[in-house]
Amino acid sequence: SGGLVAYAESQSDAGPPPIDSNQNEVRKKKVVVLGTGWGGTSFLKHLDASQYDVQVVSPRNYFAFTPLLPSVTCGTVEARSIVEPVRNIIKKRRGEIKYFEAECVKIDAANKNVFVRANTDTTLVGNPEFSLEYDYLVIALGAQVNTFNTPGVEENCHFLKEVEDAQKIRRSVIDCFETAVLPDLSEEERRRNLHFVIVGGGPTGVEFAAELHDYFQEDLVKLYPMVKDLVKITVIQSGDHILNMFDERISTFAETKFKRDGIDVQTGCRVVSVSDKEIKVKVKSKGEVCSVPHGLVVWSTGVGTRPVVRDFMEQIGQANRRVLETNEWLRVKGCEDVYAIGDCATINQRKIMEDVLAIFAAADVDNSGTLTIDEFRDVVDDIIIRYPQVEHYLKSNHLQDVTNLLKDSKGNDRKEVNFEEFKLALSLVDSQRKSLPATAQVAAQQGTYLSKCFNRREQCEANPEGPRRFRGSGQHHFNPFRYKHFGQFAPLGGEEAAAELPGDWVSMGHSTQWLWYSVYASKQVSWRTRVLVVSDWTRRFIFGRDSSR
Ligand code: FAD
Ligand code: MG
Ligand code: MG
Ligand code: MG
Ligand code: MG
């Protein structure tokens, strides 16, 4: 059963609630939050911290605005402009939030404890390890880079996940140019140093390639004129197209633009291994492996589960899953006082077909074995909250009205439906179950949703607001999490961008880049970072980028 329910029971068994000896007050529930990225920060920003005893653990004492990381790799934006100290964020909250700059090394689900290790020098603190008890745990640890165990990747590739990664890339790009102009190098060696390879044609890889191309065209070409004809940028993609998660028009636009810019896109290729000077690539169609010399490789494919999350999954019976699974209320399956949000977790969206009998029974108020049109409409209004696939299904089939589901075999409207017809009407709906993408947008919305659940916990226990037909089930006091997609950008360099906007809108070109500037300025976490980012952009327009190492 759910944590809330369990708590309510233990309260009634144990008599009056525990009283703090000094204050005549119920002990506040302990909430531990792991991670201060998109998910963790948006949870903290909206949490009413006066209701809980809140402790936050993260090895980096800042929030990083990841969408601008590719801009940091070329100095378009400075690293300091895209980070906001955690302590700045939590000091603005009502109530006290404790923050520890430390790494969570283990979650002990059975004893409701997390073990953490501080970053501090051990000569200053005797034992940098300590543990924190929780009543509720919020896991927002994000994901780590997935190397797919490809040999040499760990040692020889750059990643683009953290602020430090972006800073390292910036230095390495300049190193490549400085090395390439040294005397006594063969032309072949100069070319090798100036070959920049990006593995992964997703949004991050493509944006980095575009940034690097701009950096070269706008600034470096003037600073290193002697090697300007030797520079090459290659994007290696295992699928057939880059940006394949976007609308087809966007991938085509991106591929055409890259072709015009001279960025080499190799699709249908898989990287087999990477050494310090060479990258081995298998061309899928031909099956042959070729070896390409490189100066720098940025590895930007897929995400994987962090070891501490993996270990937790093993404790709670999710060992054979790929990603930590939660229900639609973001509670971890098999461990209901623990919540997980963002890239480290995935929602297992329940199938309607698993519940179809119960749904029908609840809707058939008079137990007649049939539903009227009004009853049907009513039940769909309700299940749409619980099963978002209903809405996706209606949208993808362009059905304005749910009763369109109820056509009989001749296409006529039905007046009533029996169970078999009801089941048939909904039979295709589950095919529209979607897992949410690993994006900042999803993580932030989940954090906000969860904080609202925490803020109104008591009120909702007394007056549950979940979809009517599921309120009886005990643990669901809230509507489940619903993701709202606001669109996605793909900056492509040369002041051009592509965007997928809500309502099947696709927008591409220079005006989209301006939209990108304004959206990303407005999305900044604080006025401080907003001013910094905008002034970095302005500085770049006027003076170009800073190419010192
Ligand atoms: P994160 O934001 O990664 O946060 C994880 C947190 O956990 C961090 O604070 C980390 O320090 C902390 N942590 C890690 N290990 C531990 C530990 N052991 N103990 C305690 N804390 C720990 N999404 C978009 O929607 N739009 C974009 O334009 C976009 N661009 C991106 C560009 C780049 C280069 C990258 C890398 C990502 C981009 N994303 C974008 C994706 C987005 O950043 C992620 O989906 C988002 O960060 C997920 O949020 P999260 O809270 O789950 O994880
Ligand atoms: Mg987070
Ligand atoms: Mg982040
Ligand atoms: Mg997720
Ligand atoms: Mg009836």
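Just follow the structure's listing: the first ligand is 1, and inside any ligand the first atom is 1. Just so you know, these numbers use all the heavy atoms, side chains as well, and skip hydrogens, waters and symmetry mates. In this chain, numbering begins with 1 at the start of the sequence shown.
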Per-atom contacts of ligand 1 with [X], taking only distances under 4.0 Å to non-hydrogen atoms:
X: V57; result: 20 (C), 21 (N)
X: G342; result: 52 (O)
X: A140; result: 5 (C), 6 (C), 7 (O)
X: D343; result: 44 (C), 45 (O), 46 (C), 48 (C), 52 (O)
X: L160; result: 34 (C), 36 (C)
X: A438; result: 41 (C), 45 (O)
X: Y520; result: 28 (O)
X: Q441; result: 25 (O)

Fill in: Geometric cation-pi criterion, R331 with W329: 6.0 Å, 45°
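Negative - R331 is either too far from the ring of W329 or too far off its axis.
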Fill in: Lys/Arg cation over aromatic Y62: R87, 6.0 Å, 45° cone
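No, R87 does not sit over the ring of Y62.
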Options [options], ranked by nearest heavy atom to [atom], top entry:
atom: atom 22 (C) of ligand 1; options: G37, A345, P59; value: P59
atom: atom 3 (O) of ligand 1; options: A340, G142, G40, A102; value: G142
atom: atom 20 (C) of ligand 1; options: L34, V56, L141, V309; value: L141
atom: atom 47 (O) of ligand 1; options: Y62, F100, W38; value: W38
atom: atom 27 (C) of ligand 1; options: S42, P67, A143, G487; value: P67

Practice prompt. On the 0 to 90° scale, with breaks at 30° and 60°, tag the F63-F65 ring pair as parallel, tilted or perpendicular.
Written response: perpendicular
Quick one: does ligand 1 sit under 4.0 Å from the side chain of [X], the backbone, both or neither, non-hydrogen atoms only?
X: S58; answer: both
X: R306; answer: side chain
X: C104; answer: both
X: T204; answer: side chain

So with a 6.0 Å cut-off around [atom1] of [X], is the heavy-atom count from everything else above 12?
X: D276; atom1: CG; result: yes
X: K333; atom1: NZ; result: yes
X: R350; atom1: CZ; result: yes

Worksheet entry | Stepwise side-chain contact (heavy atoms from CB on, under 4.5 Å) check, Q237 with Q266 | CA-CA 6 Å; Q237 160 75 332; Q266 296 286 342; over 6 Å; no
Worksheet item: Checking side chain to side chain contact (heavy atoms under 4.5 Å, CB included) against L137, which of L132, D337, L34, V332 comes through?
Response: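 Result: among L132, D337, L34, V332, L34 is the only option passing the side chain to side chain contact (heavy atoms under 4.5 Å, CB included) with L137.
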Discussion item. Run the salt bridge (Lys or Arg N to Asp or Glu O under 4.0 Å) test against E314 and tell me which residues pass, sequence neighbours left out.
Written reply: none
Fill in: Partners passing salt bridge (Lys or Arg N to Asp or Glu O under 4.0 Å) against E84 (at least two apart in sequence or in another chain)
R528
Item to complete: Please say whether C344 places an N or O atom under 3.5 Å from an N or O atom belonging to ligand 1.
Response: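 In this structure, C344 places no N or O atom under 3.5 Å from an N or O of ligand 1.
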Discussion item. Is it the case that ligand 1 has an N or O less than 3.5 angstrom from some N or O of L69?
Written reply: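 No, L69 has no N/O under 3.5 Å of an N/O on ligand 1.
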Worksheet item: Does F43 have a non-hydrogen atom less than 4.0 Å from ligand 1?
Response: no
Discussion item. Between R545 and E78, does any NZ, NE, NH1 or NH2 come within less than 4.0 Å of an OD or OE carboxylate oxygen?
Written reply: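 Looking at E78 and R545, the cut-off is not met.
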Worksheet item: Is any NZ, NE, NH1 or NH2 atom of the basic residue among K257 and D261 found under 4.0 Å from an Asp or Glu carboxylate oxygen of the other?
Response: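 The answer is yes: the pair qualifies as a salt bridge.
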